[in-house]
Amino acid sequence: MIFYKTDDEVALMKISAELVSNTLAEIAKILKPGITTLALDQLANTYIRDHDAIPSFYNYNGFPSNIITSLNDVVVHGLPGKYELKDGDILSVDIGTIKNGFHGDHAYTFIIGETTKEVLDLVKITKESLYLGIENAVVGKRMGDIGWAIQHHNEKNGYGVVRDLVGHGLGKDMHEDPQVPNYGKKGAGPLLRENLVLAIEPMINMGKKDVYLDEDGWAIRTADGSPSVHFEHDVCVKKGQALILSNYQPIELAEQANRNLNTSYYA
């Protein structure tokens, strides 16, 4: 069943989404080689709870952590732990919050230190494809228009678009109908109506699209071991132009300030 939100509910969802954005910004401030992914998990848990919310992911279907930290060839669902970040790592951080009865849920991919042009291009193209998908999240379009925009931009650059994992509706439940694939055909799929809230999240591999479940039972990895990148925004369907409820600006500002502060390890 698809749930359409009222304007008041969308406003509450924006609060939840922006809390995720601000939590990601707090993580961006401290990222550097040597820090553990468990330390990021602990920081996020404290920050979220200090803002009168709770982490959505903790114990969701048994998930044992507060946030998701997916490294290098891990597409999604990586578990925080004792691993110390090192120069050149690709780190996707996915965070969910519950505040005022509604979920926020989105992700951002960071580069630790220096990396190759090929990885930087993958990050850039994946992020661009997210916004191309969002451009199609408007009244009168169809779900296939979102997926096609994301798929076309990535595949024309030679990347693999993951099929096994998709975006989703968002609201009082973290995963609501409809599914939001990152592939599709123009003009196909459910018609988009006003105040449908979606988590749009391209998961893009430098190599082929195929993935597998790690032996830990959670992490989804690329089958060929290639790097993967994940970006996600919370988006409300509107007439003419989609309303993005989450906000990358504080994350990007914190990321840039961190780079300027730590020029010894950033490219």
- Message: With a 3.5 Å distance limit and no angle check, can you tell me whether E9 reaches the backbone of T6 through a side-chain donor-acceptor pair?
- Response: yes
- Considering only heavy atoms from C-beta outward, does the side chain of I67 approach that of D94 to under 4.5 Å? no
- Query: Sub-3.5 Å donor-acceptor pair from the side chain of N205 to the main-chain atoms of T222, do we have one?
  - Reply: no
- Query: Would you say N72's side chain and P227's backbone share a donor-acceptor pair under 3.5 angstrom?
  - Reply: no
- Task: Go through the side-chain N and O atoms of D105 and H175 and say whether any donor and acceptor fall under 3.5 Å apart.
- Result: no
- Identify whether the distance between the nearest side-chain nitrogen and carboxylate oxygen of E176 and K5 falls below 4.0 Å. yes
- Task: Would you give the length of the straight line joining atom CG of N260 to atom CD of E255, rounded to the nearest 0.5 angstrom?
- Result: 11.0 Å
- Rounded distance (nearest 0.5 Å) linking atom CG of L24 with atom CD of E232: 10.0 Å
- Message: Checking D41 against S65: is there a side-chain donor and acceptor pair closer than 3.5 Å?
- Response: no
- Item | Pair E26-N22, side-chain donor/acceptor within less than 3.5 Å | no
- Query: Are V20 and Y248 co-members of a hydrophobic cluster defined by side-chain heavy atoms under 4.5 Å apart?
  - Reply: yes
- Query: Any chance the side chains of D224 and S226 put a donor and an acceptor closer than 3.5 Å?
  - Reply: yes
- Is it true that a side-chain atom of D145 and a backbone atom of K141 form a donor plus acceptor pair closer than 3.5 Å? no
Side-chain donor-acceptor contacts of residues 239-247 below 3.5 Å, not counting sequence neighbours, with atom names and distances?
unit_1 : atom_1 : unit_2 : atom_2 : d
S246   : OG     : H233   : ND1    : 2.6
S246   : OG     : D234   : N      : 2.9
N247   : OD1    : Q249   : N      : 3.0

- Message: Side chains of K127 and Y108: any donor to acceptor distance under 3.5 Å?
- Response: yes
- Compare all side-chain heavy atoms of V93 with those of I68 and state whether any distance is below 4.5 angstrom. no
- Task: Spell out, as yes or no, whether a donor-acceptor pair under 3.5 Å connects the side chain of T126 to the backbone of I204.
- Result: no
- Using a distance-only test with no angle check, is there a side-chain donor-acceptor pair under 3.5 angstrom linking S56 and H103? yes
- Test I90 against L122 for side chain to side chain contact (heavy atoms under 4.5 Å, CB included), laying out the working first. CA-CA 11 Å; I90 306 165; L122 175 64; 5.5 Å; no
- Query: Quick one: are L130 and I150 in side-chain contact, heavy atoms under 4.5 Å?
  - Reply: no
- When you measure from the side chain of S16 to the backbone N and O of K99, does any donor-acceptor pair fall under 3.5 Å? yes
- Message: Using a 3.5 Å distance criterion without hydrogens, assess whether the side chain of R163 forms a donor-acceptor pair with backbone atoms of V161.
- Response: yes
- Message: Please determine whether residues L43 and I251 belong to a single hydrophobic cluster, defined as Ile, Leu, Val, Met, Phe, Trp and Tyr linked transitively by side-chain heavy-atom distances below 4.5 Å.
- Response: yes
- For S228, does its backbone N or O pair with a side-chain atom of D73 as donor and acceptor, under 3.5 Å? no
- Considering non-hydrogen atoms only, spot the tightest contact between K172 and F102 and give its length. CG-CE2, 3.5 Å
Please set out all donor-acceptor pairs under 3.5 angstrom arising from side-chain atoms of residues 177-189, sequence neighbours excluded.
unit_1 : atom_1 : unit_2 : atom_2 : d
D177   : OD2    : M1     : N      : 2.6
N182   : ND2    : E201   : O      : 3.0

- Item | Basic-acidic side-chain contact under 4.0 Å: D7, K238 | yes
- Message: Show, in sequence, the C-alpha distance, side-chain angles and deciding distance for S21 and H106, and conclude whether the side-chain hydrogen bond (donor to acceptor under 3.5 Å, both in side chains) test is met.
- Response: CA-CA 8 Å; S21 304; H106 55 277; 2.9 Å; yes
- Could I get the full list of side-chain contact (heavy atoms from CB on, under 4.5 Å) partners for E128, not counting sequence neighbours? K124, I125, H153
- Item | Under 3.5 Å donor-acceptor, D89 side chain and K86 backbone | yes
- Using modelled atom types only, decide if a donor and an acceptor are shared between the side chain of T97 and the backbone of I54 within a distance under 3.5 Å. no
- Message: Checking side-chain polar atoms at under 3.5 Å, does D121 have a donor or acceptor matched by the opposite partner on Y159?
- Response: no
